[in-house]
There are 2 protein chains.
Amino acid sequence: MTISEVSKKFDMSPDTLRYYERIGLIPPVPRNKGGLRDYDEDSCGWIEFIKCMRSAGLPIEALIEYVKLFREGDDTIPARLEILLEQREILLEKIASINSTLERLDYKIEFYRSGKMRECENKLNLK
Amino acid sequence: MTISEVSKKFDMSPDTLRYYERIGLIPPVPRNKGGLRDYDEDSCGWIEFIKCMRSAGLPIEALIEYVKLFREGDDTIPARLEILLEQREILLEKIASINSTLERLDYKIEFYRSGKMRECENKLNLK
DNA sequence: GCTTGACATGGAGTTAACTCCAAGTGTTAT
DNA sequence: ATAACACTTGGAGTTAACTCCATGTCAAGC
């Protein structure tokens with residue numbers, strides 16, 4: 001697959017795909033005789049994986065480290081596991097934080113809808 | 001309260017507090033005779049509110065708009081409600097995305113722990 | 001009166017994560 | 001064979017959200 005095909009398939013810009021490759025966020029992509037990228041199954045798998053992780057906000061830095069370890073072989077499994085566990089914790093915290101903000105948002109939305117703002121804004125310290 | 005007290009109370013740097021004020025993310029903070037910030041109840045309420053919203057990732061731009069509308073009075077309640085509803089949707093999407101990444105992460109963690117990676121890495125396209 | 005220390009301001013610098021650009025190359029269509 | 005076009009690279013530019021810095025002021029202690 002060419003870079004523009006992959007770009008459409010995953011809805012990511014060619015620039016982002018090249019950027020991810022050059023910083024080591026995905027392993028080097030195979031090239032054809034002309035030097036153009038020719039994405040195979042494996043490359044696509046990496047892109048899909050990275051896209052998923054990035055969509056949840058995992059930092060690029062942690063993912064680069066993970067990819068680097070992956071490419072070093074099975075000896076790095078404990079280190080990879082540690083990265084995953086660490087990021088898992090961070091995601092749990094993120095969800096907790098979003099949930100509490102959501103509750104607050106819902107509460108405010110209810111107030112705005114019920115037109116009860118006037119008497120509550122100051123008393124209840126609602127912003 | 002002085003800026004350093006507020007800084008400790010909310011665990012935010014004085015620079016961030018001043019930054020928030022100058023971009024309009026919080027209304028102007030009252031000053032004492034010497035021109036130093038003297039945070040009152042209301043200012044602290046805004047900071048706490050903004051901190052909560054930012055912790056969930058609401059963009060500063062949207063919050064500035066919300067604060068601006070708030071300060072313009074009750075006529076802007078519908079517009080404010082719209083911002084809140086829009087951001088609520090975004091948070092729901094964010095949670096969904098994080099949850100699906102979490103599932104994937106848990107699955108991988110289980111694999112790494114069970115030592116079954118060798119036979120699965122390539123077949124199942126696990127990265 | 002002088003120094004110290006917290007705080008003020010405007011503006012520059014930083015970081016993460018892209019995004020864009022200029023100059024060059026290889027394949028395809030006419 | 002020449003033009004068009006997708007792609008290449010290295011490097012510069014952008015955006016969001018801070019963070020830092022130089023310079024200046026004011027209040028308090030010695």
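What you see is a predicted model, and the numbers here were worked out from it, not measured in a lab. So that the names make sense, note that chain A is the first sequence line, chain B the second, and so on, each numbered from 1.
- In this structure, of D:dA17, D:dT8, C:dA17, it is C:dA17 that holds the atom nearest to the side chain of A:Arg54.
- Summarising the local packing, CG of A:Asp11 is surrounded by 12 or fewer heavy atoms from other residues, nucleotides or ligands at distances under 6.0 Å.
- To the nearest angstrom, C1' of D:dT9 lies 16 Å from CG of A:Leu17.
- As a whole-Å value, the separation of A:Leu58 CG from C:dA16 P is 15 Å.
- A donor N or O paired with an acceptor N or O is not found under 3.5 Å between the base of D:dC18 and the side-chain atoms of B:Asp15.
- Listed candidates were D:dT8, C:dT19, C:dA17. Nearest to the side chain of A:Leu36 is D:dT8.
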Run the side chain to side chain contact (heavy atoms under 4.5 Å, CB included) check on A:Val29 and A:Val6 step by step: do they pass? CA-CA 12 Å; A:Val29 174; A:Val6 174; over 6 Å; no
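- Taking atom CZ of residue B:Arg37 and atom P of nucleotide D:dT25, one finds them 17 Å apart after rounding to whole Å.
- The shortest distance between the side-chain N/O atoms of B:Thr2 and the OP1/OP2 oxygens of C:dA6 is not below 4.0 Å.
- OP1 and OP2 of C:dA17 both lie 4.0 Å or more from every side-chain N or O belonging to A:Tyr20.
- Counting to the nearest Å, the P atom of D:dA6 and the CG atom of A:Asp38 are 18 Å from each other.
- Within a 6.0 Å sphere centred on CD of A:Glu82, other residues, nucleotides and ligands contribute 12 heavy atoms or fewer.
- A donor and an acceptor atom never sit less than 3.5 Å apart when one is taken from the side chain of A:Arg18 and the other from the base of D:dG10.
- For A:Ile64 and C:dC18, the CD1 to C1' distance is 13 Å, given to the nearest whole Å.
- Among the nucleotides D:dC18, D:dT8, C:dC18, the one closest to the side chain of A:Ile60 is C:dC18.
- Side-chain proximity of A:Glu61 to C:dA16, D:dA16, C:dC18: nearest is C:dA16.
- For C:dT19, the OP1/OP2 oxygens have no side-chain nitrogen or oxygen of A:Arg22 closer than 4.0 Å.
- More than 12 heavy atoms of other residues, nucleotides or ligands shown are found within 6.0 angstrom of CD on B:Glu5.
- Closest to the side chain of A:Pro59, from the set D:dT19, C:dA17, D:dC7, is C:dA17.
- Counting to the nearest Å, the P atom of D:dA27 and the CZ atom of B:Arg31 are 15 Å from each other.
- Between B:Phe49 and B:Tyr66, the ring planes lie tilted relative to each other; the angle falls in the 30° to 60° range.
- Atom NZ in B:Lys33 sits about 14 Å away from atom P in C:dC7, given to the nearest Å.
- Per the geometry, CD belonging to A:Glu21 stands 13 Å off C1' belonging to D:dC7, to the nearest Å.
- Checking D:dC18, D:dC7, D:dA12 against every side-chain atom of A:Ile3, the shortest atom distance belongs to D:dC7.
- Taking the nucleotide of DNA chain C with the nearest heavy atom to each of A:Ser13 and A:Asn32, the more 5' of the two is matched to A:Ser13.
- Here the CE atom belonging to B:Met1 is positioned 11.0 Å from the OG atom belonging to B:Ser43, to the nearest 0.5 angstrom.
- If you check C:dA16, C:dC18, D:dA16 against the side chain of A:Tyr19, the one that comes closest is C:dC18.
- Nucleotides of DNA chain D nearest to A:Gly35 and B:Leu25 differ in position, and the one nearer the 5' end is that of A:Gly35.
- Of the side-chain N and O atoms in B:Thr16, one or more sit less than 4.0 angstrom from OP1 or OP2 of D:dT19.
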